[in-house]
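Numbering of ligands and ligand atoms starts at 1, following listing order.
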Amino acid sequence: MAYETIIVEVEDHVATITLNRPDALNALNAQLLAELSKALIEADANDKVRCIILTGSAKAFAAGADIKEMSEKSFVEMFLGDFFEPAIEAVGRVRKPVIAAVSGYALGGGCELAMMCDFIIATETAKFGQPEINLGVIAGMGGTQRLTRYVGKSKAMDMHLTGRFMDAEEAERSGLVSRVVPAKKLMEEARQAADKIAEKSMVATIAAKQAVNRSYETTLTEGLLFERRLFHSLFATEDQKEGMAAFQEKRTAQFRDR
Ligand code: HXC
């Protein structure tokens with residue numbers, strides 16, 4: 001379907017979703033979030049797609065929720081509309097890996113959206129922040145919870161209370177992003193990572209994603225048990241036999257998601 005605020009391209013096994021509201025630095029309004037949710041659900045359901053890249057423009061991944069759209073809303077409208085929750089849920093429901101490729105500003109809801117992805121590749125120009133405090137509010141799409149888990153309490157408090165931005169170097173050092181690359185290499189690097197992921201057995205890929213995400217939700221003992229059960233269950237797949245045979249035969253494995 002045709003979207004107005006995002007661009008969706010599927011090439012080989014990778015779906016790339018580009019946030020596209022250049023005049024507003026990709027600020028997240030209701031339309032964009034609805035379209036993004038729909039595109040993510042479609043990509044997840046598309047058998048051809050094995051990895052998803054979410055990106056923005058060189059200047060902004062996304063400068064946050066759309067302040068102009070939000071500014072006049074009442075408590076009741078925000079509360080009854082469960083502002084942004086349906087979109088957030090949609091990102092969380094995607095089973096295939098989602099890479100955030102971030103250049104420029106990833107602020108407020110933009111930072112939170114990047115953190116909902118499975119990992120973040122950033123350019124040297126990337127700037128992360130939770131500046132909602134400057135607007136008289138706080139993060140509302142997971143920033144207080146996810147940023148704290150990514151970078152720890154001290155830096156998360158610093159970011160949320162002062163509203164300061166974190167540059168790419170600090171973000172990598174703090175564990176917020178997995179890699180920092182030169183601006184012009186961003187999509188090439190993200191694409192290479194996506195292609196690598198696409199080569200694997202989808203069964204193992206989804207199991208790995210679920211197991212890592214579980215670590216945020218449970219105790220160590222339960223998480224270890226969950227991991228072990230998934231690990232054991234992968235021995236029921238043909239892909240496990242193929243992967244281990246290929247290693248011993250010194251050839252590349254041909255996974256078939258079976
Ligand atoms: C609406 C935005 C916007 C936003 C930028 N724009 N951010 N519009 N919502 N979040 C618009 C500007 O109004 C302007 O349009 C155009 O994009 C370019 O922005 P400039 O400010 O002129 O660019 P620049 O001077 O380069 O500054 C870039 C910036 C600044 C530092 C990123 O735009 C900025 O501080 N933006 C707001 C960041 C922020 O506070 N984010 C948190 C939002 S709250 P016009 O037409 O005016 O020229 C949030 C809550 C999430 O995210 C929780 C929800 C549940």
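Among protein heavy atoms, the minimum distance from atom 11 (C) of ligand 1 is reached at Ala24 CA, 3.8 Å. Ranking the protein heavy atoms by distance from atom 53 (C) of ligand 1 puts Gly140 N, 3.4 Å first. Here the heavy atom of the protein found nearest to atom 55 (C) of ligand 1 is Phe84 CD1, 3.3 Å. Nearest non-hydrogen protein atom to atom 15 (O) of ligand 1 is Lys68 NZ, 3.5 Å.
With Asn29, Asn26, Asp23, Leu107 as candidates, the residue nearest to atom 17 (O) of ligand 1 on a non-hydrogen basis is Asp23. Closest heavy-atom approach to atom 37 (C) of ligand 1 among the candidates Leu25, Asp82, Ile67, Leu33: Ile67.
Looking at Ala65 next to ligand 1, an N or O pair under 3.5 Å apart turns up. For ligand 1, the polar-atom distance check finds an N/O of Ala63 within less than 3.5 Å of one of the ligand's N/O atoms. In terms of polar-atom proximity, defined here as any N/O pair under 3.5 Å, Met141 makes no such contact with ligand 1. Of the polar atoms of Tyr105, none of the N or O atoms is found under 3.5 Å from an N or O of ligand 1, judged by distance alone.
One side chain, Glu4 or Gln31, offers a donor N or O that lies under 3.5 Å from an acceptor on the other. Using modelled atom types, one finds a donor on one side chain and an acceptor on the other under 3.5 Å when comparing Thr123 with Thr125.
Interface of Gly64 with ligand 1, defined as ligand atoms under 4.0 Å from a residue heavy atom, comprises 52 (O).
The aromatic rings of Phe165 and Tyr105 stand perpendicular to each other, their planes meeting at an angle above 60°, with 30° marking the opposite boundary.
Ligand 1 lies less than 4.0 angstrom from a heavy atom belonging to Lys59. For the ligand labelled ligand 1, residue Gln130 lies outside the 4.0 Å heavy-atom shell. Not a single heavy atom of Leu28 lies less than 4.0 angstrom from ligand 1.
No donor-acceptor pair closer than 3.5 Å links the side chain of Ser201 to the backbone N or O of Asp257.
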Please step through side chain to side chain contact (heavy atoms under 4.5 Å, CB included) for the pair Leu28 and Met141, ending with a clear verdict.
CA-CA 11 Å; Leu28 310 171; Met141 286 170 60; 4.2 Å; yes
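Contacts with ligand 1 closer than 4.0 Å are made by no heavy atom of Asn134, backbone or side chain.
Less than 6.0 angstrom separates the ring centroid of Phe231 from the ring centroid of Phe235.
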